[in-house]
Number of protein chains: 2
Amino acid sequence: MCNAGNPHKENNKLDWHCIHHDNIKDCIEECKVQRILILFGKKYAMPIIRLLLIHKKMRFNHILENLKGSPKTITSRLRDLEKSGFIKREVYNEIPMRVEYSLTEMGASLDDIFEQIAIWTLNSQEESH
Amino acid sequence: MCNAGNPHKENNKLDWHCIHHDNIKDCIEECKVQRILILFGKKYAMPIIRLLLIHKKMRFNHILENLKGSPKTITSRLRDLEKSGFIKREVYNEIPMRVEYSLTEMGASLDDIFEQIAIWTLNSQEESH
DNA sequence: CAGTATCCTGACAGATACTG
DNA sequence: CAGTATCTGTCAGGATACTG
């Protein structure tokens, strides 16, 4: 069983990843921590979140221009983030067409963990001096 | 300039990633948060850290058997983690040869951020109900 | 405008055999 | 034992042209 969703710091550390899976494939598919790391290890995933944290709402071409990626890759990443529940896609049937991307509540909360990672990198730098 | 290494929560949020780079390539190369996410988005990176947190020291074949990966991939990941300063590789010139992997202080501190991500996944799950 | 479709390159990863 | 070498397949991502 994957216990990544059930961390009780007092009792046992290491609750953030399952060690009891028979094969690692199950871990990767079921462990939420691993899935987040895989998603944000992909190109543009984090920069998209950051753009939306700053601008709140953005249209496709604005994201595209800002990140200077190919439309295929940007689309792919937007779909990933949407499927994972981090961003919301709203279509307005105007001419020309308008699509606006924004963060879900869950997506906006990513700010916290990214910041914590940043703080961690700062601390681990100090320790190594 | 990348300001990911200089987070001051009181003044400005979003310090965890640089928005002022002209192109995203510089961000990926220079931003520490992004680099960590890319590294641990790769297969076996997190499971290796977890194994070493539990067992303290492990030999190559034990890691290999435990994670059931191909030797090429496991070696590649061990080198990545070593280059980033998370693990230490010690060679003993015995016959048969012995190599032991263990965490550096910085590697052991990864426990904290993985746990924080796990706690975050738990909280964001509750919110969405 | 917001994407798809197509083609292409390179990195990631598995399987297996081999070596110091 | 601790890898390396080799071959293979899959997928991420770029460039560009096209479409509803």
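The basis for the numbers below is simple: all heavy atoms, side chains too, and nothing from hydrogens, waters or symmetry mates. Numbers restart at 1 for each chain; the letters A, B, ... are given by sequence-line order, proteins then strands.
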Could you give the distance from CD1 (B:I74) to CD1 (B:I63), rounded to the nearest 0.5 Å? 7.5 Å
Of B:L78 and A:K42, the one whose closest DNA chain D nucleotide lies more 5': B:L78
To the nearest 0.5 Å, tell me how far A:F40 CZ sits from A:I117 CD1. 9.5 Å
If you measure from the Lys or Arg side-chain nitrogens to the Asp or Glu carboxylate oxygens, is any gap between B:R77 and B:D80 under 4.0 Å? yes
Examine C:dA2: is either OP1 or OP2 under 4.0 Å from a nitrogen or oxygen in the side chain of A:R98? Give yes or no. no
Would you indicate, yes or no, if C:dC1 has its OP1 or OP2 atom less than 4.0 angstrom from a side-chain nitrogen or oxygen of A:R59? no
Over how many whole Å does the gap from B:I95 atom CD1 to C:dT19 atom C1' extend? 15 Å
Under 4.0 Å between a side-chain N or O of A:K43 and OP1 or OP2 of D:dG13? no
What integer distance in Å separates A:I48:CD1 from D:dG13:P? 11 Å
Look at the side-chain N and O atoms of A:Y101 and state whether any lies under 4.0 Å from the OP1 or OP2 oxygen of C:dC1. no
Taking only the side-chain nitrogens and oxygens of B:R77, find out if one of them lies under 4.0 Å from OP1 or OP2 of C:dA13. yes
Rounded to the nearest 0.5 Å, what's the gap from CG on A:L37 to CG on B:L39? Could you check? 9.5 Å
Go through DNA chain C and write down every stem, that is, every run of at least three consecutive Watson-Crick or G-U wobble pairs with distances under 3.5 Å, as range with range. C:1-20 with D:1-20
Are OP1 or OP2 of C:dG3 and a side-chain N or O of A:T75 less than 4.0 angstrom apart? no
Rounded off to whole Å, could you give me the CD1-to-C1' distance for the B:I63 and D:dA2 pair? 11 Å
Compute whether any side-chain donor of one residue and acceptor of the other, for A:S70 and A:T73, lie under 3.5 angstrom apart. yes
Taking for each residue the nucleotide of DNA chain C bearing the nearest heavy atom, is the 5' side occupied by A:R89 or by A:K72? A:R89
For B:P71 and A:G41, take the nucleotide of DNA chain D holding the closest heavy atom to each; which residue's nucleotide lies nearer the 5' end? B:P71
Taking only N and O in the side chain of B:R79, is any of them less than 4.0 Å away from OP1 or OP2 of D:dA2? no
Over how many whole Å does the gap from B:Y92 atom OH to D:dG3 atom C1' extend? 18 Å
Give the ring-plane orientation class for B:Y101 versus B:F60, where under 30° counts as parallel, over 60° as perpendicular and anything between as tilted. tilted
To the nearest Å, how far apart are A:E100 CD and C:dG3 C1'? 16 Å
Take the protein atom NE2 of B:H62 and the nucleotide atom P of D:dA2, then report the distance between them rounded to whole Å. 7 Å
Using whole Å, report how far CD1 of B:I38 lies from P of C:dG10. 19 Å
Between A:E90 and A:K57, does any NZ, NE, NH1 or NH2 come within less than 4.0 Å of an OD or OE carboxylate oxygen? yes
Is A:Y92 reachable from A:I87 through a run of I, L, V, M, F, W or Y residues, each pair having side-chain heavy atoms under 4.5 Å apart? no
In this structure, how many angstroms lie between the C1' atom of D:dA2 and the CD1 atom of B:I87, rounded? 14 Å
